[in-house]
Number of protein chains: 2
Amino acid sequence: MSKRSGILEFAVLGLLRESPMHGYELRKRLNTSLGVFRAFSYGSLYPCLKTLVTLGWLVEEPAVDLGPSAAPLAGRRAKIVYRLTAAGKEHFEELLAHSGPDAWEDEHFAARFAFFGQTSKDVRMRVLEGRRSRLEERLEKMRASLVRTRERLDDYTLELQRHGMESVEREVRWLNELIETERAGRSERPADERDDNDNTNQENGGRPEARGTA
Amino acid sequence: MSKRSGILEFAVLGLLRESPMHGYELRKRLNTSLGVFRAFSYGSLYPCLKTLVTLGWLVEEPAVDLGPSAAPLAGRRAKIVYRLTAAGKEHFEELLAHSGPDAWEDEHFAARFAFFGQTSKDVRMRVLEGRRSRLEERLEKMRASLVRTRERLDDYTLELQRHGMESVEREVRWLNELIETERAGRSERPADERDDNDNTNQENGGRPEARGTA
DNA sequence: TCGTTCATGTAACGCGTTACATGATTGC
DNA sequence: GCAATCATGTAACGCGTTACATGAACGA
């Protein structure tokens, strides 16, 4: 009786926290914010939205769009704007605080990372370090199984394996840099009481890491 | 009435082409051959196997294991060995020949690549080039959407985006190297009539690419 | 006025996992 | 004898997509 998906729910809540939106726009932001990692369709988004409303995290608003000729009488629906309720905000903050093992997994992690801007520093650290240890664990297994089976595998399979491992190693290095930067660490900037025009940290634009052009 | 999944079916057929196996071992090989990219559970493997038998691509064999005390009377099943039929082999070769757009997609591509050892050179080329153009297309979109939204995104989201793009760019470079190597190209070695102990190309162990230690 | 993009929604299906149930084999 | 791991299977569920249906708003 639900239609609740961890990561979709999380991302919807997170985006709506920044500003109210209708479904259509939400979907686009979803697919750019989470980047390469995830693409959702309306077939999952709209039902999810409905569920979240039922749960009380969201409210629908009639979207007083007022087109050219402001429709005179009732019955003017379509274009529903979704707004996060206080309960919804609270719930999201709660999700944000959890840094358990699920949050180390590929897509979960990407979603978590996308909302690091609203995450407290210590949770960021735990997530980053958790992710790293997860990957290192994975690397161990790959190395082990590679040693065991190296002989029996043909060249292309081997090359695929090698490329896969290199990708993982690369992400570990990325995490290392991020963790180091976090440790050197800028100010905490807790999720509440934040000023959207806050432009402290102008030296590097506040980016988590200063690096050369890729 | 089916339980057929493109990639699982393909991989099962491909592994069984090399040698008959029972489900348990098949699953392990599946998860190492396809590497990081995919992990299947028994819950999908066994039903798939059954379906493939129904279709005639596979046959079950009683696995004359003959444990210490060779069970005297009938009723000794469990440990079923699956063997590829002639029809199954034919079907697999057919799948191998298709290099359409589906084969450029992430997991599909990995599966295709894993069996490049049994794929003809021209198909390999088409798959490699198709994959590359797919990724380049993807990069274009990402760049475009990044230009459009750069301002409104916070630092972490941006960093995620950047890292994602870099990963894709890295795969493109990998593909470039592979394509170049293919072009320089070793012998064709068609899928049939191959000798498993063939050790021509000793200079680099026949690896698709010679490179320094990563 | 006609095509495109915006906008919302649903039903059917695809593909896979989890959790469970069952039992043989091996090693200590 | 007991634990671990090998080995096979199934039913229920999760999570998401495709394809479809519908219609408003906008620009040429």
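Lettering follows sequence order; numbering is per chain, from 1. Heavy atoms only: backbone and side chains are in, while hydrogens, waters and symmetry mates are out. Nothing here was measured: the structure is a model prediction, and the numbers come from that model.
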J.: It should be established whether Lys79(B) places a side-chain nitrogen or oxygen under 4.0 Å from OP1 or OP2 of nucleotide dT8(D).
T.: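 Result: no.
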J.: Which nucleotide sits closest to the side chain of Lys28(A): dA7(C), dC6(C), dT10(D)?
T.: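 Side chain of Lys28(A) sits closest to dC6(C).
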J.: With the side chain of His22(A) defined as its heavy atoms from C-beta on, choose the nearest nucleotide among dT17(D), dG9(C), dT8(C).
T.: dT8(C)
J.: Can you sort out the partners of Val123(A) under side chain to side chain contact (heavy atoms under 4.5 Å, CB included), two or more places apart, ordered by chain and number?
T.: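 With neighbours one apart ignored, the set is Ser99(A), Arg112(A), Thr119(A), Ser120(A), Arg126(A), Val127(A).
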J.: Over all heavy atoms of both residues, which pair between Gly23(B) and Leu49(B) is shortest? Give the atoms and the distance, please.
T.: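 So the minimum-distance heavy-atom pair works out to CA-CD2, 4.2 Å.
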J.: Measure CZ/Phe40(A) against P/dT8(C) and give the value in whole Å, please.
T.: 18 Å
J.: Just how far, in rounded Å, is P of dT5(C) from CD of Glu25(A)?
T.: 17 Å
J.: Tell me whether the side-chain N/O atoms of Ser44(B) come closer than 4.0 Å to OP1 or OP2 in dT17(C).
T.: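 For Ser44(B), the contact criterion (side-chain N or O under 4.0 Å from OP1 or OP2 of dT17(C)) is met.
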J.: Picking from dT8(D), dA7(C), dT18(D), which would you name as closest to the side chain of Ser41(A)?
T.: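 Given the options dT8(D), dA7(C), dT18(D), the side chain of Ser41(A) is closest to dT18(D).
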J.: Rounded to the nearest angstrom, tell me the gap between atom OH in Tyr46(B) and atom P in dT18(C).
T.: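 Roughly 16 Å, once rounded to whole Å.
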J.: Rounded to the nearest angstrom, tell me the gap between atom CG in Leu58(A) and atom P in dT8(C).
T.: 13 Å
J.: Between Arg27(B) (CZ) and dT8(D) (P), how many Å, whole number?
T.: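 In whole Å, dT8(D) P lies 12 Å from Arg27(B) CZ.
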J.: Heavy atoms under 4.0 Å, any strand shown: does Gly43(B) hit a base, just sugar-phosphate, or nothing?
T.: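 The answer is base, as Gly43(B) lies within the cut-off (heavy atoms under 4.0 Å) of a base atom.
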J.: Describe the nucleic acid contact of Tyr42(A) in one word from base, sugar-phosphate, nothing, applying a heavy-atom distance below 4.0 Å.
T.: base
J.: Can you tell me how far C1' of dG16(C) sits from CG of Leu49(B), to the nearest Å?
T.: 16 Å
J.: Quick one: which of Arg143(A), Arg162(A), Arg132(A) gives a salt bridge (charged side-chain N to carboxylate O under 4.0 Å, His left out) with Glu169(A)?
T.: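 The passing option is Arg143(A).
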J.: Tell me what Arg38(B) touches on the nucleic acid: a base, only sugar-phosphate, or nothing, going by heavy atoms under 4.0 Å.
T.: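 The residue Arg38(B) makes sugar-phosphate contact but no base contact.
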J.: Could you give the CZ-to-P distance, from Phe10(B) to dC15(C), as a whole number of Å?
T.: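 From Phe10(B) CZ to dC15(C) P: 16 Å.
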J.: Roughly, in whole Å, what's the span from CG in Leu45(B) to P in dA7(D)?
T.: 13 Å
J.: Counting side-chain heavy atoms from CB outward, which of dG9(D), dA7(C), dG9(C) is closest to Tyr82(A)?
T.: dG9(C)
J.: Looking at Leu160(B) and Ala110(A), what are the two nearest heavy atoms and their distance?
T.: CD2-O, 3.6 Å
J.: Nearest heavy-atom pair of Met165(B) and Met142(B): which atoms, and what distance?
T.: CG-CE, 3.1 Å
J.: What nucleotide among dT10(D), dT17(C), dA7(C) has an atom nearest to a side-chain atom of Pro47(B)?
T.: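 In terms of side-chain proximity for Pro47(B), the closest of dT10(D), dT17(C), dA7(C) is dT10(D).
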J.: Considering only side-chain heavy atoms of Tyr24(B), which listed nucleotide, dG9(C), dG9(D), dT8(D), is closest?
T.: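 In terms of side-chain proximity for Tyr24(B), the closest of dG9(C), dG9(D), dT8(D) is dT8(D).
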